[in-house]
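Working notes, structure below.
This structure is a prediction, so every number in the text was calculated from the model and none was measured.
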Amino acid sequence: MRPLFRHAPFTGLILSLFISTAAIAVGQPDAARLYQRGDFEHAAQAWGETAAYQKNQNNHASRLQALLGKAEALRALGRYPQAADTLSEALELANNTSDSTSQALILNSMGNISQLSGKLPEAEHYLNSSLELSGKIARHDLLAAVHNNLGNLRTAQERYLDALAAYELSAQHSLQAGNPVLRSQALSNAARAAALGGASQRAISFAQDALGLVSSLENSHDKAFLLLSLGQLQGQLSAQENALANTHKILTQALAVADAIGDARSRSYALGYLAQLYEQQGRDEEALELDRRAIAALQQVSAPEIAYRWYWQQGRLKKKHKDFDAAIADYRMAVYHLQSIRADMPVVSASGKSSFREVLGPLYFDLADLLLQRAATTSDKGLKQSLLKEARTTIELSKAAELQDYFQDSCVAAQQSRAGKTTGIGAGVAVIYPILLPDRMELLADFSDGIVQFTSPVVSSRAIETIRDFRTKLEKRTTREYLPYSQELYGWLIRPLEAELAARGIKTLVFIPDGALRTIPMAALHDGREFLIARYAVATTPSLALTDIQSLPAAKSPRALLNGLTQAVQGFAELPNVAAELQAIGLLYGGKTLKDQEYVVNRVENELDQTPYSVVHIASHGQFQSDVKQTFLLSYDGKLTMDNLEKLISPSRYREQPISLLTLSACQTAAGDDRAALGLAGVAVKAGARSALASLWFINDQSASMLVSEFYQQLHEPGMSKANALQNAQLKLMADKRFNHPSYWSPFLLIGNWL
């Protein structure tokens with residue numbers, strides 16, 4: 001893993017600085033020198049070799065120091081899992097030797113790593129344990145380090161006043177310890193927290209104090225990095241007079257330090273940030289030259305986490321000056337470098353919250369935009385298909401990364417490599433990518449024999465407003481206010497494709513929606529005469545690369561594990577029709593039914609361990625939220641999180657008969673919550689099921705049970721695909737006068753494999 005700083009440098013905001021305080025091992029000067037030059041890769045390797053050697057020599061003290069140094073270098077590289085493993089090894093050694101000082105130091109670093117990995121409760125535990133130990137042994141330097149990391153934790157929690165209090169304690173202990181580096185870190189971090197909390201004057205005061213201290217430090221990687229952070233902070237405090245001049249001065253000073261100690265990483269950052277500054281001033285040619293030098297500086301080290309930034313910045317400048325082919329080349333390099341580290345990269349937005357779409361999504365969409373523009377202007381059919389395929393792949397990469405970011409799970413990338421090895425999409429199927437761009441909507445229709453490009457001339461702001469209105473009006477069961485919005489969306493999303501769909505005999509549409517489009521059911525789009533579902537079976541998936549689209553032979557004896565709540569529990573309403581729903585499905589598939597008091601997590605786990613179920617049905621309240629930690633399915637004894645669900649279901653994917661279908665029949669996402677809808681769209685991927693059936697919003701209990709029961713009845717028919725089963729169930733409910741409004745039948749989505 002490699003770190004992504006909290007505030008992306010290209011925005012001109014401040015650089016997030018999380019300085020781990022693991023001791024640089026005394027007696028290992030080569031590794032320490034490599035570290036201070038920013039050569040973390042070789043420093044980690046050198047400390048690792050020393051740790052192995054000292055283990056053979058049974059020298060516990062030197063081995064412990066080497067492990068601490070290795071963990072710190074791995075932390076600086078952003079390889080948090082490896083750093084955590086190294087610290088666990090060090091803690092075991094420190095515990096065996098009853099070394100309280102080392103225990104406190106290691107626990108502090110473990111807290112830092114946990115916080116950087118987004119594991120905030122775990123970080124709290126480690127840091128409080130370290131604080132208690134550090135207080136007992138009365139080490140001011142350790143107390144300063146722990147309070148600094150507690151300040152980082154409070155900042156991540158957006159508790160800025162508490163963060164400032166922690167940083168001020170860190171600064172006080174650093175002063176008593178006579179450690180100007182720690183004090184500089186604390187003051188710099190305090191300036192950042194004050195700025196984030198809107199206390200600009202306090203931020204300026206802290207930054208000035210920090211800058212005074214940093215300027216007096218000896219040249220080192222720490223000094224260069226602190227200067228880079230303070231230079232970025234100056235750029236954010238734009239109300240301050242001469243902010244640009246001060247930023248330039250500080251970044252130039254950081255560059256001088258980096259050059260003096262041969263620190264290639266810091267040199268690249270300084271040049272790249274200066275390029276950003278020159279771009280802000282409209283000095284594009286000078287900015288491009290600085291970007292080139294920033295990239296060249298990285299030839300000495302492997303640092304894709306830096307390289308992608310400068311290629312992106314350089315590509316953006318070339319795009320601005322209409323050098324499109326050169327811009328595409330730079331964007332490709334940016335994506336290449338980002339993809340090499342993306343599986344383990346924590347993504348943090350300007351708000352301090354995880355948001356791939358806000359931070360890194362624009363890179364992928366900018367490249368796709370350029371590729372699509374290029375494809376639209378070429379008459380070379382071979383080149384056009386190549387460009388369209390690359391645009392599709394780029395969008396797929398962004399969707400996999402966005403889903404990984406939502407679930408905070410790097411295993412999504414592994415799932416991509418497994419699912420990607422599939423056959424083609426097959427005849428009679430069109431996979432549709434609607435791509436919302438600032439000035440237009442692009443539609444890529446992927447058929448069995450190639451990709452066709454269409455463009456709808458609607459700006460993204462107008463499209464999103466219409467999508468929001470459609471979703472809101474669609475949930476009103478007593479009106480037809482949704483219809484104008486439904487028809488307008490049909491005009492943008494389907495009408496341009498109609499001729500191609502008809503000519504190719506398409507029967508199934510698989511949508512890979514983007515952003516706000518995830519919050520609406522495509523089945524309810526209307527052409528002025530009928531709904532889309534009347535002509536096509538409709539499915540959705542967050543990414544084709546994450547979907548196993550192979551058609552497997554039908555299970556000889558499919559079995560269902562049926563779970564459900566009929567009673568009101570934990571403040572949620574009763575679901576009286578669930579009993580009939582479970583009974584109807586049970587008559588078709590057999591299997592086991594766990595209802596009410598029997599539907600508890602450990603019973604579900606035991607059943608899935610002991611029996612090869614192919615269908616898992618959960619008829620219970622579920623909520624998908626922007627924060628995956630707040631996303632759950634209700635059980636009788638608690639709440640199933642997405643991690644719980646994955647642990648229960650994922651092992652089945654390695655069986656001869658994996659989970660083919662996961663049904664969640666009473667889920668809901670809030671209107672306008674694109675990230676919550678992303679979580680719903682990705683539930684099959686996360687859980688490890690081939691397909692999922694779930695609802696965008698909670699609907700009438702009776703109609704939901706009728707639709708789901710009919711879906712299973714249809715699916716039981718030989719040769720029936722899941723997409724067609726859902727289509728037939730929706731059409732049957734639509735034919736019932738009580739439930740013909742689309743608010744009843746449209747929110748059910750088939751997610752993942754549609755066969």
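In this structure, Leu153 and Gln157 have side chains that are in contact, with non-hydrogen atoms separated by less than 4.5 Å. A 4.5 Å side-chain heavy-atom check between Met642 and Phe407 finds at least one atom pair inside the cut-off. Contact check for Ile699 versus Pro747: side-chain heavy atoms found under the 4.5 Å cut-off. For the pair Leu645 and Leu662, the minimum side-chain heavy-atom distance is below 4.5 Å. Using a 4.5 Å cut-off on side-chain heavy atoms (C-beta onward), Leu634 and Lys639 make contact.
Under a cutoff of 6.0 Å and an axis angle of 45°, Lys473 and Tyr482 do not form a cation-pi pair.
Taking the charged nitrogens against the carboxylate oxygens, Arg316 and Asp366 have no contact shorter than 4.0 Å, which rules out a salt bridge. Salt-bridge annotation for Arg518 and Asp674: absent, with no side-chain N of the basic residue lying under 4.0 Å from a carboxylate O of the acidic one. Note on Glu124 versus Lys119: no salt bridge recorded, every NZ/NE/NH1/NH2 to OD/OE distance being 4.0 Å or above. We find that Arg675 and Glu358 are not joined by a salt bridge, their nearest charged nitrogen and carboxylate oxygen being 4.0 Å or further apart. Of the charged side-chain nitrogens involved, none lies within less than 4.0 Å of a carboxylate oxygen, so that Asp673 and Arg471 do not count as a salt-bridged pair. The pair Asp325-Arg374 meets the salt-bridge criterion, with a side-chain N (NZ, NE, NH1 or NH2) lying under 4.0 Å from an Asp/Glu carboxylate O.
Using cut-offs of 30° and 60° for the angle between ring planes, the Trp310 and Tyr269 rings count as perpendicular.
Annotation for Leu493 and Leu443: closest pair O-CD1, 3.7 Å, computed over non-hydrogen atoms. What you find for Ala163 and Thr155 is that their closest heavy atoms are CB-OG1, 3.4 Å.
Under 3.5 Å, the side chains of Thr455 and Glu442 contain a donor-acceptor pair of N or O atoms. With hydrogens and angles left out, the side-chain atoms of Gln404 and Glu402 include no donor and acceptor closer than 3.5 Å. Side chain to side chain, Glu465 and Tyr485 fail the donor-acceptor criterion of an N or O pair below 3.5 Å.
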Using the rule given for salt bridge (charged side-chain N to carboxylate O under 4.0 Å, His left out), can you reason through Glu396 versus Lys389, listing the C-alpha separation, both sets of side-chain angles and the distance that settles it, and then say yes or no?
CA-CA 10 Å; Glu396 283 280 344; Lys389 287 178 181 178; over 6 Å; no
Between Arg265 and Glu305, does the salt bridge (charged side-chain N to carboxylate O under 4.0 Å, His left out) criterion hold? Intermediate values first, please.
CA-CA 10 Å; Arg265 274 185 171 81; Glu305 77 280 7; 3.5 Å; yes
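In this structure Val615 satisfies the side-chain contact (heavy atoms from CB on, under 4.5 Å) test together with Ala560, Leu661, Tyr712, sequence neighbours excluded.
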